[in-house]
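Note on naming: letters A, B, ... go to the chains in the order of the sequence lines (proteins, then strands), and numbering restarts at 1 for each one.
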Number of protein chains: 2
Amino acid sequence: MTADELSKVFQALADPTRRDMVARLASGDASVGELAAPYDVSVQAVSKHLKVLEGAGLVTRSREAQRRPVHLEAEVFDLMTKWIERYRRAAEERFARLDAVLAAEAKPIAEDNPIGESA
Amino acid sequence: MTADELSKVFQALADPTRRDMVARLASGDASVGELAAPYDVSVQAVSKHLKVLEGAGLVTRSREAQRRPVHLEAEVFDLMTKWIERYRRAAEERFARLDAVLAAEAKPIAEDNPIGESA
DNA sequence: ATCGTTGTGAACCAAATGGTTGACAACGCG
DNA sequence: CGCGTTGTCAACCATTTGGTTCACAACGAT
């Protein structure tokens, strides 16, 4: 459903610079210039990064004279968390079940183990 | 520290096909062919996707005759969850604090609001 | 030993990504 | 008004990405 949205969010956070910007925005809004300062790239590059983050719904930009304060939108994080938790839980449950099965049958298995090079 | 690792994980999950593969692997291991079946792409393309997922530590591949069963590794999810939760919490706390401030000063603010076009 | 199945490797291609520079719009201030 | 500041847009470039096809390795089965 939100497949495309989710892709954009993950894509946006796949870049270390963008992730760092998000981290800094978590403690307060900032202007483009302020955001750009720590990095060794042009302001234009940072502007592009912001467009990606905005496209993913991770930040919003308002207007204040020439400034364009950037604001972090925390809600979108829920999208990711939900996705992650869903499948992690499934995988972990399956793991637990496997554990139980292995414990229950303390049986042959190993002797005619069909899995080669499991050594 | 895990900056590069985290980038790879987010990057890996930014692709819908890869995300779907992870979703399916959450309910059990599968061979490359099985994984490829639902998609309208070549087996080679799926093999590439698996290499990306493996590089991110999201899956491991063993050997069973010609088969290469793919197994989901749930632990890596923690990395993401930790990152996300950390900044989401910060952002939400800040939001709550702002709320409190606004509630406390039911004051002017609006009249000499420096933010243009806030309307 | 040969054949079919399963999967990987390599070369190639179009599109997207992240960066650059140059031009310019929007705004406050002298 | 004209100027400096702040930021975006556009064109361009190198690299990466996701896909293809062809070739081949690894293994079971006949």
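The side chain of B:R68 lies closest to C:dT8, out of D:dG18, D:dT20, C:dT8. Out of C:dT8, C:dT6, D:dT8, the shortest distance to the side chain of A:V43 is found at D:dT8. Comparing atom distances between the B:R63 side chain and each of C:dG19, C:dT6, D:dA26 picks out D:dA26 as nearest. Of the candidate nucleotides C:dG18, C:dT20, D:dT20, D:dT20 has the atom lying nearest to any side-chain atom of B:K48. Comparing C:dT20, C:dG18, D:dA26 against the side chain of A:Q44 picks out C:dT20 as the nearest. Of the candidates C:dT21, C:dT8, D:dT20, the closest approach to any side-chain atom of B:S42 belongs to D:dT20. In the set C:dT8, D:dC9, C:dG19, D:dC9 carries the atom at the smallest distance from any side-chain atom of A:K51. Out of D:dA11, C:dT8, D:dT20, the shortest distance to the side chain of B:V41 is found at D:dT20.
In this structure, CG of A:D15 is placed 14 Å from P of D:dT16, rounded to the nearest angstrom. The CG atom of A:L53 sits 12 Å away from the P atom of D:dT8 (whole-angstrom rounding). Distance, A:L50 CG to D:dC9 P: 12 Å, rounded to whole Å. A:D40 has its CG atom 17 Å from the P atom of C:dG18, to the nearest Å. Rounded to whole Å, atom P of D:dT16 lies 13 Å from atom CG of B:D4. Put simply, CG on A:L13 is 12 Å from P on C:dG18, counting in whole angstrom units. Residue A:F10 contributes atom CZ, which lies 16 Å from atom P of C:dT17 at whole-angstrom precision. Rounded to whole angstrom, the span from the CE atom of A:M21 across to the P atom of D:dG7 amounts to 13 Å.
In this structure, B:R88 pairs ionically with B:E85, as a charged nitrogen and a carboxylate oxygen lie closer than 4.0 Å. Ion pairing of B:K51 with B:E54 is absent here, as no side-chain N (NZ or NE/NH1/NH2) approaches a carboxylate O to less than 4.0 Å.
At least one side-chain nitrogen or oxygen of B:H49 sits closer than 4.0 Å to the OP1 or OP2 atom of D:dG19. For D:dT8, the OP1/OP2 oxygens have a side-chain nitrogen or oxygen of A:S47 closer than 4.0 Å. For B:R67, no side-chain nitrogen or oxygen approaches OP1 or OP2 of D:dA26 to under 4.0 Å.
Sequence order on DNA chain D of the closest nucleotides to A:Q11 and A:R61 puts A:R61 first from the 5' end. Taking for each of A:S31 and B:A14 the nucleotide of DNA chain D with the nearest heavy atom, the 5'-most of the two is the partner of A:S31.
One side chain, B:R19 or A:S7, offers a donor N or O that lies under 3.5 Å from an acceptor on the other.
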Verdict with reasoning, A:D29 to A:V70, per side-chain contact (heavy atoms from CB on, under 4.5 Å):
CA-CA 5 Å; A:D29 295 5; A:V70 181; over 6 Å; no
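Ring planes of A:F77 and B:W83: parallel class, angle under 30° (limits at 30 and 60°).
Nearest heavy-atom pair, B:L72 versus A:A91, reported as atom, atom and distance to 0.1 Å: CD2-CB, 3.8 Å.
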